[in-house]
Colleague: 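The structure's right below; bear with me while I get my questions together.
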Amino acid sequence: MLQIYNTLTRQKAPFVPLNPQQIRMYVCGMTVYDYCHIGHARVMVVFDIVYRYLCQLYGKDKVTYVRNITDIDDKIIKRANDNHEPMDTLTERFIAAMHEDSQALGILSPNQEPRATRYMDEIIAMTAELEHKGFAYRAANGDVYYDVSRFAPYGKLSGRQLDELRAGERVAVDEAKDDPLDFVLWKAAKPGEPSWDSPWGPGRPGWHIECSAMSTQCLGTHFDIHGGGMDLQFPHHENEIAQSCAATDAPFANVWMHNGFVRVDNEKMSKSLGNFFTIRDVLKRYVPEVVRYFILTSHYRSPLNYSDQQLDSARAALTTLYTALREVTPAAGAVDAVYRTRFLAALDDDFATPEAMSVLFDLAHLINRHRQTDPVTASAYAFELKSLADILGLLQTDPISFLQGASQGDDVAITALIAQRNAARKAKDFAESDRIRDALLAKGVVLEDGPGGTTWRRN
RNA sequence: GGCUGAGUAGCAGAGUGGUUAUGCAGAGGAUUGCAAAUCCUUGUACGUCGGUUCGAUUCCGGCCUCAGCCUCCA
């Protein structure tokens, strides 16, 4: 049975859907003012695995996955101004880029990708409801704030008390707020800013309210899983809980999942530190599957250190797996069930992908061992390997394509040289044969003489 | 300062109260014209100091170190 670590309780617990016919998951997605970096890739991949596995367990049509897009906020406005372009043009461009990146990484599309600007009615309605119930107040500057003192469980998700939060206050106190911890629901428009009409005059939503409004609208007041990066735990998710529970009188999300950060040189990869690598830059040097594999080599809650060495290692590991699948035709057949059992048990244990991936190597070894002596068994294990790896979104491309990489226009020349070399070998002209192989190796092409002839791959 | 989490062999990264994780890299052997790939063999690692225990890397406590959150952030 699937166990998931719940940030709310700080322990793993069996996952019990509210309705097994309709599993509902909401993940906080991107703020679209720049290209996605590897940290964003991790969120996408991690929750892609959660989504895939829930589909595996409950059926694809039984799972609803919503990942929002924040397309209105301070940084977006600033960037649009800096670029002298309309905000919509900016956000559309980066939404398109995000979709390119996520498709490249083999991320399954969420069922819905709500954008804040398209849920303005719901955002305003929820804010009004909070004001009506006395959880929100209008400040002298025209902003509407949430009154955290009215929400008794405030701090539960992040394990904090209001007084210790106040003690650690590091930010200049905003005079408009009754309490420094109160957060903004609605910002009164400043000159030149995009704004929407509201009962409080023209303005725009605060960051947190959009997720409460959109998750409620898309999934209902009470749903199964809410996810996002570690850094969203506080204050974003804490505030979402405060808003939603107060506005709807419903429990909101049952399970809170937070993925760990990608690090560079032992530091969080982030925009502000400037130590980030965009997905598209990394994809210029490594094929998407290598990036996906790399992300899955560590457990989703652990830190993940980014380095070329790690990506090289991931590529080498994938080469091993694809080499096992080469020259074997996957076909369903009799296999020892222990591998599937181990694999699924690993994923059942809070999505333990490193553990699950170790099973893939066991299967690869079985294929290699049986390849010559028992091709039927080898084919059966190849089928099992592909089938299990599919749950992780791995090993679904053609092995030859992976091993030889994208055509560089020299495939015909390589094939011709191989023919020449084999002619030389047949004539026992090994000096010539080795010369050709060394020449190809210099171009990054490795030849492999096997019983079925000579094959090649790029290293 | 408060609150989280973490410290495992060369690197990465699982896991367990006493018995091989796994991958990459390395060593030896088989195989190969030579290679590559593959197969076989191979690594006595668990921050530190105490405690519990017949026995702890695994449980408990102190300490040290690191990261994250407390401000926008996946």
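Per chain, numbering begins at 1; letters A, B, ... match sequence-line order. Owing to the predicted nature of the structure, the values given are computational and were not obtained by experimental measurement.
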Colleague: Rounding to an integer number of Å, can you tell me how far N275(A) CG sits from rA74(B) P?
Modeller: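 That distance rounds to 14 Å.
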Colleague: OP1, OP2 of rG23(B) versus side-chain N and O of S358(A): anything below 4.0 Å?
Modeller: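 No, S358(A) has no side-chain N/O under 4.0 Å of OP1/OP2 on rG23(B).
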Colleague: Between atom CG in L296(A) and atom C1' in rA12(B), what is the gap in whole Å?
Modeller: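 The distance from CG of L296(A) to C1' of rA12(B) comes to 14 Å, rounded to the nearest Å.
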Colleague: Distance check, P atoms only: rA36(B) and rG29(B), in whole angstrom units.
Modeller: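 It comes out at 13 Å once rounded to the nearest Å.
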Colleague: Quick one: which of rC69(B), rG15(B), rA14(B) gets closest to the side chain of D349(A)?
Modeller: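 That would be rG15(B).
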Colleague: When we call it a touch if two heavy atoms are under 4.0 Å apart, what does S302(A) touch: a base, just sugar-phosphate, or nothing?
Modeller: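 S302(A): backbone/sugar contact only, no base atoms under 4.0 Å.
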Colleague: If I pick the P atom on rA21(B) and the same atom on rU57(B), what distance separates them, to the nearest angstrom?
Modeller: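 Looking at atom P only, rU57(B) and rA21(B) are 15 Å apart.
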Colleague: I'd like the C1' distance from rU38(B) over to rC69(B), given in whole Å.
Modeller: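 Nearest-Å result for rC69(B) against rU38(B) at atom C1': 49 Å.
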Colleague: Rounded to whole Å, please give me the gap between CZ in R342(A) and C1' in rA21(B).
Modeller: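 Rounding to the nearest Å, CZ of R342(A) and C1' of rA21(B) are 8 Å apart.
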Colleague: Does Y5(A) or R42(A) map to a spot on RNA chain B nearer the 5' end, using the closest nucleotide for each?
Modeller: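 That would be Y5(A).
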Colleague: Each nucleotide in nucleotides 24-39 of chain B should get exactly one letter: B, S or -. Can you fill that in based on protein heavy atoms under 4.0 Å?
Modeller: S--------BBBBSSS
Colleague: Do D350(A) and Y300(A) pass the side chain to side chain donor-acceptor pair (under 3.5 Å) test, and can you show the C-alpha distance, the side-chain angles, and the key distance before you say yes or no?
Modeller: CA-CA 9 Å; D350(A) 197 29; Y300(A) 77 90; 2.7 Å; yes
Colleague: Students often get this wrong, so: under 4.0 angstrom with heavy atoms, is H299(A) touching a base, only sugar-phosphate, or nothing?
Modeller: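 Since only primed, P, OP1 and OP2 atoms lie under 4.0 Å of H299(A), the category is sugar-phosphate.
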Colleague: Base, sugar-phosphate, or nothing for V262(A), non-hydrogen atoms under 4.0 angstrom?
Modeller: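 Since a base atom lies under 4.0 Å of V262(A), the category is base.
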Colleague: Taking atom types as modelled, find out whether S298(A) and R42(A) have a side-chain donor-acceptor pair closer than 3.5 angstrom.
Modeller: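 Short answer, yes.
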Colleague: Looking only at non-hydrogen atoms, find the nearest pair between V282(A) and I38(A) and report the distance.
Modeller: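 Where V282(A) meets I38(A) most closely, the heavy atoms are CG2-CD1, 3.7 Å.
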Colleague: Would you call the rings of H258(A) and H237(A) parallel, tilted or perpendicular, taking 30° and 60° as the class edges?
Modeller: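 Answer is tilted, since the angle falls between 30° and 60°.
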Colleague: To the nearest Å, how far apart are F234(A) CZ and rC70(B) P?
Modeller: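 About 8 Å, once rounded to whole Å.
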Colleague: Taking the P atom in each of rA9(B) and rG5(B), what is the distance between them to the nearest angstrom?
Modeller: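 rA9(B) and rG5(B) have their P atoms separated by 23 Å.
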Colleague: N/O contacts under 3.5 Å, protein versus nucleotides 65-67 of chain B?
Modeller:
residue	atom	partner	partner atom	Å
rC66(B)	O2'	N266(A)	ND2	3.0
rA67(B)	O2'	R263(A)	NE	3.4
rA67(B)	O2'	R263(A)	NH2	3.1

Colleague: Of all the nucleotides listed (rA74(B), rU4(B), rC70(B)), which has the minimum atom distance to the side chain of L165(A)?
Modeller: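 Nearest listed nucleotide: rC70(B).
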Colleague: Taking CG from D231(A) and P from rG68(B), how many angstroms apart are they, rounded to a whole number?
Modeller: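 Whole-Å distance recorded here is 11 Å.
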Colleague: Please give the distance between the C1' atoms of rG10(B) and rG68(B) as a whole number of Å.
Modeller: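 The answer is 28 Å between these two C1' atoms.
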Colleague: Salt bridge check, E92(A) against R115(A): does any charged N sit closer than 4.0 Å to a carboxylate O?
Modeller: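 Yes, this pair counts.
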Colleague: Does the side chain of T297(A) get closer than 4.0 angstrom to OP1 or OP2 of rA14(B) through an N or O atom?
Modeller: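 No, because none of the side-chain N or O atoms of T297(A) sits under 4.0 Å from OP1 or OP2 of rA14(B).
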Colleague: Provide, to the nearest angstrom, the distance between the CD1 atom belonging to I295(A) and the P atom belonging to rG23(B).
Modeller: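 Value for this atom pair: 22 Å.
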Colleague: Could you measure between the two P atoms, the one in rG13(B) and the one in rC70(B), and give it in whole Å?
Modeller: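 Between the two P atoms, the distance is 24 Å.
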Colleague: Looking only at the side chains, is there a donor atom on one of Y145(A) and D179(A) sitting less than 3.5 Å from an acceptor on the other?
Modeller: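 No pair is found: no donor N or O on one side chain lies under 3.5 Å from an acceptor on the other.
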Colleague: Check the angle between the aromatic planes of F361(A) and Y293(A) and answer parallel, tilted or perpendicular using the 30° and 60° thresholds.
Modeller: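 Plane angle over 60°, so perpendicular.
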Colleague: What's the shortest heavy-atom distance between N141(A) and A176(A), and which atoms?
Modeller: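 Closest heavy-atom pair between N141(A) and A176(A): ND2-CB, 3.2 Å.
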Colleague: To the nearest angstrom, how far is L157(A) atom CG from rC3(B) atom C1'?
Modeller: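 One finds 13 Å between C1' of rC3(B) and CG of L157(A), rounded.
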Colleague: For rA6(B) versus rC63(B), give the span between their C1' atoms, rounded off to a whole number of Å.
Modeller: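 It comes out at 16 Å once rounded to the nearest Å.
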Colleague: For nucleotides rC66(B) and rU8(B), find the distance between their P atoms and express it as a whole number of Å.
Modeller: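 It works out to 14 Å between them.
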Colleague: Could you check whether G39(A) gets within reach of a base, just the sugar-phosphate, or nothing at all, counting any heavy atom under 4.0 Å?
Modeller: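 Answer is base: heavy atoms of G39(A) come under 4.0 Å of a base.
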Colleague: Please report whether the ring centroid of F252(A) lies less than 6.0 Å from that of F223(A).
Modeller: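 For F223(A) and F252(A), the ring centres are under 6.0 Å apart.
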Colleague: Report the relative orientation of the aromatic rings in F276(A) and H37(A); use parallel for angles under 30°, tilted for 30 to 60°, perpendicular for over 60°.
Modeller: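 Tilted.
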Colleague: Could you check whether the rings of Y339(A) and Y381(A) sit parallel, tilted or perpendicular, using 30° and 60° as the cut-offs?
Modeller: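 Taking Y381(A) first and then Y339(A), their aromatic rings stand perpendicular (interplane angle over 60°).
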Colleague: What I want to check is whether the side chains of D281(A) and T278(A) have a donor and an acceptor closer together than 3.5 Å.
Modeller: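 Yes.
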Colleague: Pairs counted as Watson-Crick or G-U wobble with both distances under 3.5 Å: what dot-bracket string results for RNA chain B, using | for bases tied to another strand?
Modeller: (((((((..(((.....[...))).(((((.......)))))....(((((..]....))))))))))))....
Colleague: Are N111(A) and T64(A) linked by a side-chain donor-acceptor pair shorter than 3.5 Å?
Modeller: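 Absent: no donor and acceptor within the cut-off.
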Colleague: Looking at the rings of F94(A) and Y35(A), which for Trp means the six-membered one, are their centres under 6.0 Å apart?
Modeller: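 Yes, close enough.
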Colleague: Rounded to the nearest Å, what distance is computed from the CE atom of residue M357(A) to the P atom of nucleotide rU22(B)?
Modeller: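 After rounding, the reported distance stands at 15 Å.
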Colleague: Looking for any heavy atom pair under 4.0 Å, which part of the strands does M269(A) touch: base, sugar-phosphate only, or nothing?
Modeller: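 M269(A): base contact, heavy atoms under 4.0 Å.
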